[in-house]
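Counting begins at 1 with the first residue of the sequence. Side-chain atoms are counted along with the backbone in the values below, which use heavy atoms only and exclude waters and symmetry mates.
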Amino acid sequence: MSADDLPVAWDRARTLAYEAGRAAAGPAEVISLAEADGRTLAEPLRALTDLPAFPTSSIDGWAVRGPEPWRLVGRVLAGGVAPPLEEDGTCVEIATGAMVPAGADALVRVEESTSDDDGRVSGRPRDLPEWRLPGEEAHKDEMLLPAGAAIDPAVIGVAATCGYETLTVRAVPRAAVLVFGDELLTAGTPGAGRVRDSLGPQVPGWLRRYGATVGAAAGPVRDTLEAHIEAVRGALETADLVCTTGGTMHGPVDHLHPTLAELGAEYVVNTVAVRPGFPMLLARVPGADGRSRFLAGLPGNPQSAVIALITLVAPLLAGLQGRELPPLPVVTVTAPVPGRGSFTHLALARRDQDGRSVTPVGHVGSAMLRGLSNAHGFAVVRPDTAASAGDEVPFLPLPLMPGERP
């Protein structure tokens, strides 16, 4: 295991985490459409046929041939097939969504038509055709979505329209959470030198929003090297990613780095030049089956831990699922945001109603969560800079629910 004493630049850390995930992405599997929400396409989604597959009426009315008046010779409903119109002066009654019969020249809306005593129909077609042509939405074999696209209900609907019953998707990364720290309480109010654990209850939720499956956090793990090694080794037996909280420094009861050494781990990132949150890490741990597992060391301070999650864990999970790492949107800050010297500053901020500007929030200390609960993400202030009101900066959003659109 090698370690670089210098913190890694924030942008570089995100890239390294993402590349590590892509290199270790799990195998593909085939699942039903009903199971696909929140998953990731492992193969491009292609049209199995023209969409629509046949000319389709957009109205209730009449499919007509030749000049009016038209003699009614049949009826076609959605799901049916009408015989072709072979003679001028004929029509069939047609419903919205029904197949337009061969030989039809136009469609006439029922509300814009009349019928005489003999049942002959008259009316004037509109200038624009009122049916959908085959291939209007997509042509057979056309790629509708690339591999790596996140699947949400709209994607499932497109797949169903094409005629898919199953989809080939990436495996869901399995995650586990270990809480370190003898000072932590898991129930009741803080006091007498002990604080309530706030990361164990919240980290699994963030992981689920990034696409992982995870159970309840385990711990607090006792502050001994032996307990740390046993807990991490056990979690890695069933998880692709283990997130630990606390112990990322080199204090008297910080046992994470010695634990990684004992397990033969290799650092992907060891500390990041970002404030808050710089004592974060990501390590690759060899598995007995030859597949790499990962351990993300999150700082013990709650806001710093969340910054570690969105800096290292989110890109890693995107890579493991075969997804692209999206570019950061650019927003305008409405108030000054200080720089943090040579480190990147991630400043908690709330999106304004227009969605294009953000306002910094208060209560943003590393150990605080009040500001996080009122924020939509972080304004990114680059090293050796500061942001003035009106400046444009990148914005790192907090995750939505799986499958949600921004």
May I have the step-by-step check of side-chain contact (heavy atoms from CB on, under 4.5 Å) for W62 and W70, ending in yes or no? CA-CA 9 Å; W62 318 94; W70 301 285; 5.9 Å; no
Please determine whether salt bridge (charged side-chain N to carboxylate O under 4.0 Å, His left out) holds for the pair E112 and R126, giving the CA-CA distance in whole Å, both sets of side-chain angles, and the decisive distance to 0.1 Å. CA-CA 9 Å; E112 297 174 0; R126 294 193 176 185; 2.5 Å; yes
Should E35 and S32 be marked as a side-chain hydrogen bond (donor to acceptor under 3.5 Å, both in side chains) after you check the CA-CA gap, both sets of side-chain angles, and the distance that decides it? CA-CA 5 Å; E35 302 171 286; S32 70; 3.0 Å; yes
Using the rule given for side-chain contact (heavy atoms from CB on, under 4.5 Å), can you reason through L207 versus C243, listing the C-alpha separation, both sets of side-chain angles and the distance that settles it, and then say yes or no? CA-CA 9 Å; L207 293 172; C243 289; 4.0 Å; yes
Could you please spell out the steps behind the side-chain contact (heavy atoms from CB on, under 4.5 Å) verdict for T49 and C162? CA-CA 7 Å; T49 183; C162 290; over 6 Å; no
Could you walk me through whether R22 and E324 pass salt bridge (charged side-chain N to carboxylate O under 4.0 Å, His left out), step by step? CA-CA 9 Å; R22 284 302 291 257; E324 294 299 318; 3.6 Å; yes
Can V380 and V393 be said to form a side-chain contact (heavy atoms from CB on, under 4.5 Å), step by step? CA-CA 6 Å; V380 181; V393 299; 5.7 Å; no
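Counting all heavy atoms, side chain and backbone alike, G319 lies closest to A25 at O-CB, 3.7 Å. L312 and A13 make their closest contact through CD2-O, 3.8 Å (heavy atoms, listed as atom of the first residue, atom of the second, distance). When every heavy atom of V100 is checked against every heavy atom of S57, the shortest pair comes out as CG2-N, 3.7 Å. Scanning both residues, A265 and V285, for their nearest heavy atoms gives CB-CG2, 3.9 Å. Heavy-atom minimum distance, I31 versus A36: CD1-CA, 3.6 Å. The heavy-atom pair separating V221 from A231 by the smallest distance is CG2-CB, 3.9 Å.
Panel note: side chain T238, backbone L236; no donor-acceptor pair is recorded below 3.5 Å. A donor-acceptor pair is defined here as one N or O able to donate and one able to accept, closer than 3.5 Å; such a pair exists between the side chain of Q321 and the backbone of Y210. Panel note: side chain S388, backbone P336; no donor-acceptor pair is recorded below 3.5 Å. Formation of a donor-acceptor pair under 3.5 Å by the T248 side chain with backbone atoms of P279 is found in this model. Between the D352 side chain and the D354 main chain, no donor and acceptor come within less than 3.5 Å of each other. With hydrogens and angles disregarded, a donor-acceptor distance shorter than 3.5 Å links the side chain of T15 to the backbone of D11. The main-chain N or O of H250 is never found under 3.5 Å from a side-chain atom of H257 such that the two would form a donor-acceptor pair. With N301 contributing its side chain and S304 its backbone, the two residues share no donor-acceptor pair below 3.5 Å. Side-chain atoms of Q303 come within 3.5 Å of backbone atoms of V364 as a donor-acceptor pair (strictly under, hydrogens ignored). Of the possible donor and acceptor atoms, none in the side chain of E262 sits under 3.5 Å from a partner among the backbone N and O of T259.
Rounding to the nearest 0.5 angstrom, the gap separating the CZ atom in R293 from the CG atom in D240 is 6.5 Å. Remark: L346 CG to I307 CD1 distance equals 5.0 Å, nearest 0.5 Å. The CG atom of D384 sits 13.5 Å away from the CZ atom of R340 when rounded to the nearest 0.5 Å. Note that CG of D88 and CD of E68 are 13.0 Å apart. Values are rounded to the nearest 0.5 Å. L178 CG to L298 CG: the interatomic distance, rounded to the nearest 0.5 Å, is 10.5 Å. Here the CE atom belonging to M99 is positioned 12.0 Å from the CH2 atom belonging to W131, to the nearest 0.5 angstrom.
Side-chain contact between F395 and V358 is present, with at least one heavy-atom pair separated by less than 4.5 Å. F294 is listed as a side-chain neighbour of L316, based on a closest heavy-atom distance under 4.5 Å. The shortest side-chain heavy-atom distance between F343 and V272 does not fall under the 4.5 Å cut-off. Two residues are said to be in side-chain contact when any heavy atoms from C-beta on lie closer than 4.5 Å; P302 and S198 meet this criterion. Side-chain contact between P397 and F378 is absent, with no heavy atoms from C-beta onward closer than 4.5 Å. Counting only heavy atoms from C-beta outward, the side chains of V121 and T114 never approach each other to under 4.5 Å. Annotation: side chain of L199 is not in contact with side chain of V179 (no heavy-atom distance under 4.5 Å).
More than 12 heavy atoms of other shown residues, nucleotides or ligands fall within 6.0 angstrom of atom CG in D289. Few gaps surround CZ on R174; more than 12 heavy atoms of other groups in view lie less than 6.0 Å from it. A 6.0 Å sphere centred on CD of E165 holds no more than 12 heavy atoms belonging to other residues, nucleotides or ligands. For R291, the CZ atom is densely surrounded, since the number of other residues' heavy atoms within 6.0 Å is greater than 12. Counting non-hydrogen atoms of other residues, nucleotides and ligands closer than 6.0 Å to CD of E230 gives a total of 12 or fewer. Around atom CZ of R370, no more than 12 heavy atoms belonging to other residues, nucleotides or ligands sit under 6.0 Å away. Residue-environment remark: CZ (R196) exceeds the threshold of 12 foreign heavy atoms within 6.0 Å.
Checked for salt-bridge contact, R39 and E29 meet the test: a charged N lies under 4.0 Å from a carboxylate O. A salt bridge links E137 with R132: the closest approach of a Lys/Arg side-chain nitrogen to an acidic carboxylate oxygen falls below 4.0 angstrom. Using a cutoff of 4.0 Å between basic side-chain nitrogens and carboxylate oxygens, R65 and D105 are not scored as salt-bridged. Using a 4.0 Å cut-off between a side-chain N of Lys or Arg and a carboxylate O of Asp or Glu, D118 and R71 do not qualify as a salt bridge.
Judged purely by distance below 3.5 Å, without hydrogens or angles, the side chains of D391 and T332 never pair a donor atom with an acceptor atom. In the model, T334 has a side-chain atom that pairs as donor or acceptor with a side-chain atom of T359 under 3.5 Å. No side-chain donor-acceptor contact under 3.5 Å links Y18 and R14. A donor and an acceptor atom, one from each side chain of T40 and R323, are located under 3.5 Å apart.
Geometric assessment of R12 against the ring of W10 yields a negative cation-pi assignment under the 6.0 Å and 45° thresholds.
Here ring pair (Phe, Tyr, Trp, His ring centres under 6.0 Å) pairs that include residues 166-185, with residues two or more places apart or in two chains, are F180-H228. Residue pairs meeting the salt bridge (charged side-chain N to carboxylate O under 4.0 Å, His left out) criterion with at least one member in residues 341-351, sequence neighbours excluded, do not occur.
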